[in-house]
Amino acid sequence: MPSVSEAFSLTIVEGMACGLVPVTGKNVYMPGLKNNINSFIAGTDDDYKDIITKIEDKPDILIKMSENAIKTAYEYSDEKTYSRYLDVMQK
């Protein structure tokens with residue numbers, strides 16, 4: 001997601017739900033993204049290059065990150081969202 005800026009990317013959530021590990025720029029806002037935990041966040045063009053090199057050199061790092069990405073995406077599931085809305089309406 002090499003956008004210059006993004007408010008909340010549904011594309012990222014959808015990818016994470018499928019087990020993909022997003023690579024984003026630092027100006028892409030999405031609560032729950034954690035660099036090197038469930039995503040890669042680049043601040044510069046060199047950061048993007050470093051991320052690609054890291055993935056090529058150690059592809060196994062994506063296994064745990066993929067699991068973490070799925071867990072993060074679940075926080076935006078219909079079930080969780082419904083529960084949050086219900087909670088707000090009840091208050």
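The structure presented is a predicted model; accordingly, all values stated were derived computationally and were not measured.
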> Does any pair with a residue in residues 12-22 pass salt bridge (Lys or Arg N to Asp or Glu O under 4.0 Å), and if so which ones, sequence neighbours excluded?
none

> Test your reading of the model: is there a side-chain donor-acceptor pair from Asp87 to the backbone of Ser83, 3.5 Å cut-off?
no

> Between Pro22 and Met16, is there a side-chain heavy-atom distance shorter than 4.5 Å?
yes

> Using the rule that Ile, Leu, Val, Met, Phe, Trp and Tyr join whenever any side-chain heavy atoms are under 4.5 Å apart, tell me whether Leu10 and Tyr76 fall into a single cluster.
yes

> Kindly give the heavy-atom pair with the smallest separation between Ala73 and Ala17, and that separation in Å.
CB-N, 3.4 Å

> Would you say the side-chain atoms of Tyr48 pair up with the backbone N or O of Ile41, donor to acceptor, closer than 3.5 Å?
no

> Tyr29: which residues meet the side-chain hydrogen bond (donor to acceptor under 3.5 Å, both in side chains) condition with it, sequence neighbours left out?
none

> Out of the candidates Leu33, Leu20, Val23, only one should pair with Ile12 under the side chain to side chain contact (heavy atoms under 4.5 Å, CB included) rule; please name it.
Leu33

> Between CE of Met30 and OG1 of Thr24, what distance do you get to the nearest 0.5 Å?
9.5 Å

> Go through it in stages, so that I can follow the logic: the residues are Phe8 and Val13, the test is side chain to side chain contact (heavy atoms under 4.5 Å, CB included), and I'd like the CA-CA distance, side-chain angles, deciding distance and then a yes or no.
CA-CA 9 Å; Phe8 181 89; Val13 177; 3.9 Å; yes

> Applying salt bridge (Lys or Arg N to Asp or Glu O under 4.0 Å) as the test, list every pair that has at least one member in residues 66-78; sequence neighbours left out.
Lys64-Glu67, Glu75-Lys80, Glu75-Arg84

> Output all residues satisfying ring-ring contact (aromatic ring centres under 6.0 Å, His included) with Tyr74, sequence neighbours left out; order by chain, then residue number.
none

> Do any side-chain atoms of residues 51-61 form donor-acceptor pairs under 3.5 angstrom with protein atoms, and if so which ones, sequence neighbours left out?
| residue | atom | partner | partner atom | Å |
| --- | --- | --- | --- | --- |
| Thr53 | OG1 | Lys49 | O | 3.0 |
| Lys54 | NZ | Asn36 | OD1 | 3.0 |

> Do the non-hydrogen side-chain atoms of Asn68 and Val21 ever get within less than 4.5 Å of each other?
no

> Once side-chain hydrogen bond (donor to acceptor under 3.5 Å, both in side chains) is applied, do any residues pair with Asn38, and if so which ones, sequence neighbours excluded?
Thr72

> Residues two or more places apart in sequence or in another chain: which of them pass ring-ring contact (aromatic ring centres under 6.0 Å, His included) with Phe40?
none

